[in-house]
J.: 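Pasting in a structure now, in structure tokens, and then I'll have a few things to ask.
Residues take their numbers from the sequence shown, with the count starting at 1.
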Amino acid sequence: MSSMQFCYFADKKGEEIVRKELLDKLGPLFVMDYLSGSDNIVEDPVDFVLNFSKRSLITSTTIKNYLTADEDGHLNLFNNPVIEYRPSKIKDESIYLEGRLAYFAGNNYPELKKMVQSLFRKLKKYCWKDKQWQVWVFDTIGDEATVFIPNRIVHLKKQD
């Protein structure tokens with residue numbers, strides 16, 4: 001079983017791009033709040049921007065019927081066709097905190113895996129990559145960014 005993840009730094013416009021591409025790639029989304037268990041159907045990027053600023057689990061509404069919970073009602077990320085979404089945030093108006101999209105179900109759901117791979121390739125086209133730290137930064141931030149990488153604050157510059 002293989003997992004895939006896309007870790008990035010984004011401002012508000014970058015997050016709007018992530019959410020728009022999620023909707024474009026997966027169609028209407030079934031979004032579950034990671035901790036509270038509440039869920040919602042999202043068909044419009046505006047609803048997504050307003051209602052989901054926390055860590056969430058996302059899948060297509062056409063796939064949601066395949067979700068299976070354990071006896072306690074919890075979803076296992078490794079056995080379900082879901083994408084874990086944690087938006088990037090800005091701390092103190094100048095330091096970017098990492099966002100992440102992750103898919104853990106590997107080859108169990110080949111159609112979703114292909115969609116996720118395509119989504120990640122498309123999102124990378126909106127970014128530049130810092131070669132030293134191996135992180136993606138959305139172009140909407142600019143050619144420089146101050147980011148928090150665990151245990152340190154680092155200033156990144158786009159290199160040609």
J.: Would you check if the side chain of N80 reaches a backbone N or O of T68 as a donor-acceptor pair within less than 3.5 Å?
T.: yes

J.: Check the surroundings of atom NZ in K129: do more than 12 heavy atoms from other residues, nucleotides or ligands lie under 6.0 Å from it?
T.: yes

J.: For Q159, check side chain to side chain donor-acceptor pair (under 3.5 Å) against everything at least two apart and list the hits.
T.: none

J.: Determine, stepwise, if the pair T59 / I83 fulfils side-chain contact (heavy atoms from CB on, under 4.5 Å).
T.: CA-CA 6 Å; T59 195; I83 299 169; over 6 Å; no

J.: Looking at side-chain heavy atoms only, is the closest gap between L23 and L29 below 4.5 Å?
T.: yes

J.: Hey, does F6 have a side-chain heavy atom less than 4.5 Å from the side chain of R100?
T.: no

J.: Quick one: CE on M4 to CG on L101, what's the gap to the nearest 0.5 Å?
T.: 10.5 Å

J.: Report yes if some heavy atom in the side chain of L22 is under 4.5 Å from a heavy atom in the side chain of I58; otherwise report no.
T.: yes

J.: Do the non-hydrogen side-chain atoms of K25 and S118 ever get within less than 4.5 Å of each other?
T.: yes

J.: So do the side chains of V18 and E15 get within less than 4.5 Å of each other, counting heavy atoms only?
T.: yes

J.: Are F9 and F138 an aromatic pair, judged by ring center distance below 6.0 Å?
T.: no

J.: Starting at CD of E84, measure out to CG of L57 and round the result to the nearest 0.5 Å.
T.: 6.5 Å

J.: Would you confirm whether D92, through its side chain, and S94, through its main-chain N or O, come within 3.5 Å as a donor-acceptor pair?
T.: no

J.: Does the S3 side chain pair with the main chain of Y103, one donor and one acceptor, at a distance under 3.5 Å?
T.: no

J.: So do the side chains of L67 and P81 get within less than 4.5 Å of each other, counting heavy atoms only?
T.: yes

J.: Tell me, do R86 and E98 make a side-chain contact under 4.5 Å, heavy atoms counted?
T.: yes

J.: Taking the side chain as every heavy atom from C-beta outward, state whether W133 and R152 have any pair of such atoms under 4.5 Å apart.
T.: yes

J.: CD of E16 to CD of E21: how many Å apart, nearest 0.5 Å?
T.: 12.5 Å

J.: Would you find a donor on one side and an acceptor on the other, under 3.5 Å apart, between the side chain of S88 and the backbone of L97?
T.: yes

J.: Under 3.5 Å, which donor-acceptor pairs link side chains of residues 142-151 to any protein atom two or more places apart or in another chain?
T.:
{"from": "E144", "atom 1": "OE1", "to": "H155", "atom 2": "NE2", "distance (Å)": "2.8"}
{"from": "T146", "atom 1": "OG1", "to": "H155", "atom 2": "ND1", "distance (Å)": "3.0"}

J.: So, the side chain of Y8 versus the backbone of C127: is there a donor-acceptor pair under 3.5 Å, distance only?
T.: no

J.: Are Y96 and I17 connected in a single hydrophobic cluster, I mean Ile/Leu/Val/Met/Phe/Trp/Tyr linked by side-chain heavy atoms less than 4.5 Å apart?
T.: no

J.: If you round to the nearest 0.5 Å, how far is CD1 of I141 from CG of D11?
T.: 5.0 Å

J.: Is it true that Y126 and M115 fall in one hydrophobic cluster, defined by side-chain heavy atoms closer than 4.5 Å?
T.: yes

J.: If you compare all heavy atoms of S60 against all heavy atoms of T62, which two are closest, and at what distance to 0.1 Å?
T.: OG-OG1, 2.9 Å

J.: With V82, which of I63, L77, L112 fulfils side-chain contact (heavy atoms from CB on, under 4.5 Å)?
T.: L77

J.: Is there any salt bridge (Lys or Arg N to Asp or Glu O under 4.0 Å) pair reaching into residues 109-120, and which pairs are they, with sequence neighbours excluded?
T.: none

J.: Any donor-acceptor pair under 3.5 Å linking the side-chain atoms of Y85 with those of R19?
T.: yes

J.: Can you tell which of V137, D130, D139 makes a side-chain contact (heavy atoms from CB on, under 4.5 Å) with K158?
T.: D139

J.: Tell me whether the count of non-hydrogen atoms from other residues, nucleotides or ligands lying under 6.0 Å of NZ in K122 goes above 12.
T.: no

J.: For the CZ atom on F120, are there more than 12 heavy atoms of other groups (residues, nucleotides or ligands in this structure) within a distance under 6.0 Å?
T.: yes

